[in-house]
Amino acid sequence: MKKLFDELSTEVSKKTTRKYSTSFSLGILALKPSIRNAIYAIYGYVRLADEIVDSFHGYDKKTLLERLKKETETALQEGISLNPILHSFQDSVKKYTIDESLIWHFLHSMEMDLEPLQYTSKEYERYIYGSAEVVGLMCLQVFTEGRKHQYEELKPYAQKLGSAFQKVNFLRDLKDDYYVLGRTYFPNIELSIFDGQTKDEIEREIASEFKEALSGIRRLPSSSRFGVYLAYKYYLELFRKIKNKSPEKIMEERIRIPNYHKLSLTLKSYIRYKTTML
């Protein structure tokens, strides 16, 4: 029965999410059960592409990414894939009528990661849109469950939240991106002389995006509001830790939030959510 393969594919996407991200896993658990699998599927798919460009050293990344792109096209056309992660993703794209152009923007940003690049402001904006904002928009199409007016109303906030998450990731991963992968995402910045003023400018931009995104989270459907709020709180806490570190420390270590701290943060966030209703 194909139903068994569908269930297996969902389970693979779920385990992929749990393996790679405690933060997003906990956030997804706070969503309405009926929409969780679609968000697991989206995360599993974008993680698969991320791993190709970030981790598969010693392999032909360009060929692997091109193969994923072609397999994605085929899966969307045929409504099936033998790759379980891709199968669960195409199923969610079809079920929630996710705009396929978002997928191609995402894959284009992944292609940008194949070669070391000193980003201009325009390339930086394009990369942020494709690597993060479109992922937020895919999730938003699941959250709004076909309500087009609500989706259009919340789009700018989903993009701001995706952008803020990605820029926090950039700061968190600054050391590995620069020294291991040869990437410098922030435009017009020389990381060999990364200083407090530069760090402050980046952080002000991120803080502004977090503030704007929160007003959108408050307007999400109840089925997804707390789950997204929880992910927001995890990233905000990570951002605060990064802000308290010197530029030198940021270039020396990858800042993390321990799992026990995340669980504590989950409880505090739930109490705040219930008492203030955001």
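Since the structure is predicted, the reported quantities are computational estimates derived from the model, not experimental observations.
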Salt-bridged, Glu252 to Lys175, with N to O below 4.0 Å?
->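 A salt bridge is absent here (no side-chain N lies under 4.0 Å from a carboxylate O).
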Under 4.0 Å between a Lys/Arg side-chain N and an Asp/Glu carboxylate O for Lys3 and Glu7?
->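 Yes, charged N to carboxylate O under 4.0 Å.
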How close do [X] and [Y] get, counting heavy atoms only, and between which atoms?
X	Y	value
Lys262	Ile257	CE-O, 3.4 Å
Gln141	Tyr151	CG-CE1, 3.2 Å
Gly136	Ala158	O-CB, 4.0 Å
Ser131	Gln166	OG-NE2, 2.8 Å
Ser109	Gly130	OG-CA, 3.1 Å
Ser215	Arg219	O-CD, 3.3 Å

Find the distance between [atom1] ([X]) and [atom2] ([Y]) and round it off to the nearest 0.5 Å.
X	Y	atom1	atom2	value
Lys245	Lys241	NZ	NZ	6.5 Å
Ile217	Lys233	CD1	NZ	10.0 Å
Met110	Leu48	CE	CG	11.5 Å
Ile35	Ser92	CD1	OG	11.0 Å
Asp91	Leu86	CG	CG	11.0 Å
Gln77	Glu100	CD	CD	8.5 Å

Would you please name every residue forming a side chain to side chain donor-acceptor pair (under 3.5 Å) with [X], sequence neighbours left out?
X	answer
Glu133	Gln159
Glu73	none
Asp6	Lys2, His87
Thr120	Glu123

Close side-chain approach of [X] and [Y], heavy atoms under 4.5 Å:
X	Y	result
Glu51	Val46	no
Leu65	Asp113	no
Lys69	Glu111	yes
Glu66	Lys70	yes
Phe89	Asn83	no
Pro84	Glu11	no
Ile202	Phe194	yes
Leu171	Ile206	yes

Decide side chain to side chain contact (heavy atoms under 4.5 Å, CB included) for Lys32 and Glu145; before the verdict, give the C-alpha distance in whole Å, the side-chain angles of both, and the deciding distance to 0.1 Å.
-> CA-CA 12 Å; Lys32 183 174 73 171; Glu145 299 184 77; 3.4 Å; yes
For [X], does the [atom1] atom sit with more than 12 other heavy atoms under 6.0 Å from it, leaving out its own atoms?
X	atom1	result
His149	NE2	no
Lys160	NZ	no
Leu82	CG	no

Name the one of Leu137, Val135, Thr72 that satisfies side chain to side chain contact (heavy atoms under 4.5 Å, CB included) with Phe106?
->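 Checked Leu137, Val135, Thr72 against Phe106; only one passes side chain to side chain contact (heavy atoms under 4.5 Å, CB included): Val135.
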Test Asn37 against every option in Thr10, Ile28, Ile42 by the side chain to side chain contact (heavy atoms under 4.5 Å, CB included) rule and name the one that passes.
->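 Checked Thr10, Ile28, Ile42 against Asn37; only one passes side chain to side chain contact (heavy atoms under 4.5 Å, CB included): Thr10.
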Derivation of the salt bridge (Lys or Arg N to Asp or Glu O under 4.0 Å) call for Arg254 and Asp173 = CA-CA 6 Å; Arg254 191 177 192 265; Asp173 299 334; 2.9 Å; yes
Starting from the C-alpha separation in whole Å, work towards a yes-or-no answer on side chain to side chain contact (heavy atoms under 4.5 Å, CB included) for Phe165 and Leu161.
-> CA-CA 6 Å; Phe165 283 0; Leu161 187 61; 3.6 Å; yes
Yes or no on side chain to side chain contact (heavy atoms under 4.5 Å, CB included) for Tyr235 and Phe24, after CA distance, side-chain angles and deciding distance?
-> CA-CA 10 Å; Tyr235 264 84; Phe24 283 117; 3.8 Å; yes
Evaluate side-chain hydrogen bond (donor to acceptor under 3.5 Å, both in side chains) for Thr144 paired with Gln150, printing each intermediate quantity in order.
-> CA-CA 7 Å; Thr144 53; Gln150 189 176 35; 5.4 Å; no
Would you call the rings of [X] and [Y] parallel, tilted or perpendicular if under 30° counts as parallel and over 60° as perpendicular?
X	Y	answer
Tyr232	Tyr229	parallel
Tyr124	Phe170	tilted
Phe210	Phe239	tilted

Which residues pass the salt bridge (Lys or Arg N to Asp or Glu O under 4.0 Å) test with Glu203, sequence neighbours left out?
->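 With sequence neighbours excluded, Glu203 shows a salt bridge (Lys or Arg N to Asp or Glu O under 4.0 Å) to Lys199, given in chain and number order.
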Between Tyr127 and Tyr119, is the gap from one ring center to the other below 6.0 Å?
->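 Yes, the ring of Tyr127 comes within the 6.0 Å limit of the ring of Tyr119, centre to centre.
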For Tyr260, enumerate each residue passing the side-chain contact (heavy atoms from CB on, under 4.5 Å) test, keeping only those at least two apart in sequence or located in another chain.
->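 By the side-chain contact (heavy atoms from CB on, under 4.5 Å) rule, Tyr260 matches Pro258.
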Can you list the steps and then say if Ser13 with Ser88 is a side-chain hydrogen bond (donor to acceptor under 3.5 Å, both in side chains)?
-> CA-CA 7 Å; Ser13 293; Ser88 66; 2.5 Å; yes
With the 4.5 Å side-chain cut-off for hydrophobic clustering, are Tyr59 and Leu107 part of the same group?
->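 Yes, same cluster.
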Cluster check Ile80, Tyr45: I/L/V/M/F/W/Y, side chain < 4.5 angstrom |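 No.
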Donor-acceptor contact below 3.5 Å, side chain Arg172 vs main chain Ile255 |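 No; judged by distance alone, with no hydrogens or angles, the pair does not exist.
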Could you tell me whether the side chain of Lys61 and the main chain of Val53 form a donor-acceptor pair under 3.5 Å?
->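 Indeed, once roles are kept as given, a pair shorter than 3.5 Å links the two residues.
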Go through the side-chain N and O atoms of Tyr20 and Ser25 and say whether any donor and acceptor fall under 3.5 Å apart.
->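 Checked: Tyr20/Ser25 side chains show no N/O donor-acceptor pair below 3.5 Å.
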Before giving the answer on side chain to side chain contact (heavy atoms under 4.5 Å, CB included), spell out for Phe143 and Leu31 the whole-Å C-alpha distance, their side-chain angles and the decisive distance to 0.1 Å.
-> CA-CA 9 Å; Phe143 298 153; Leu31 299 172; 4.0 Å; yes
Given side-chain hydrogen bond (donor to acceptor under 3.5 Å, both in side chains), test Ser163 with Lys167 step by step and report yes or no.
-> CA-CA 6 Å; Ser163 176; Lys167 290 168 186 175; 3.2 Å; yes
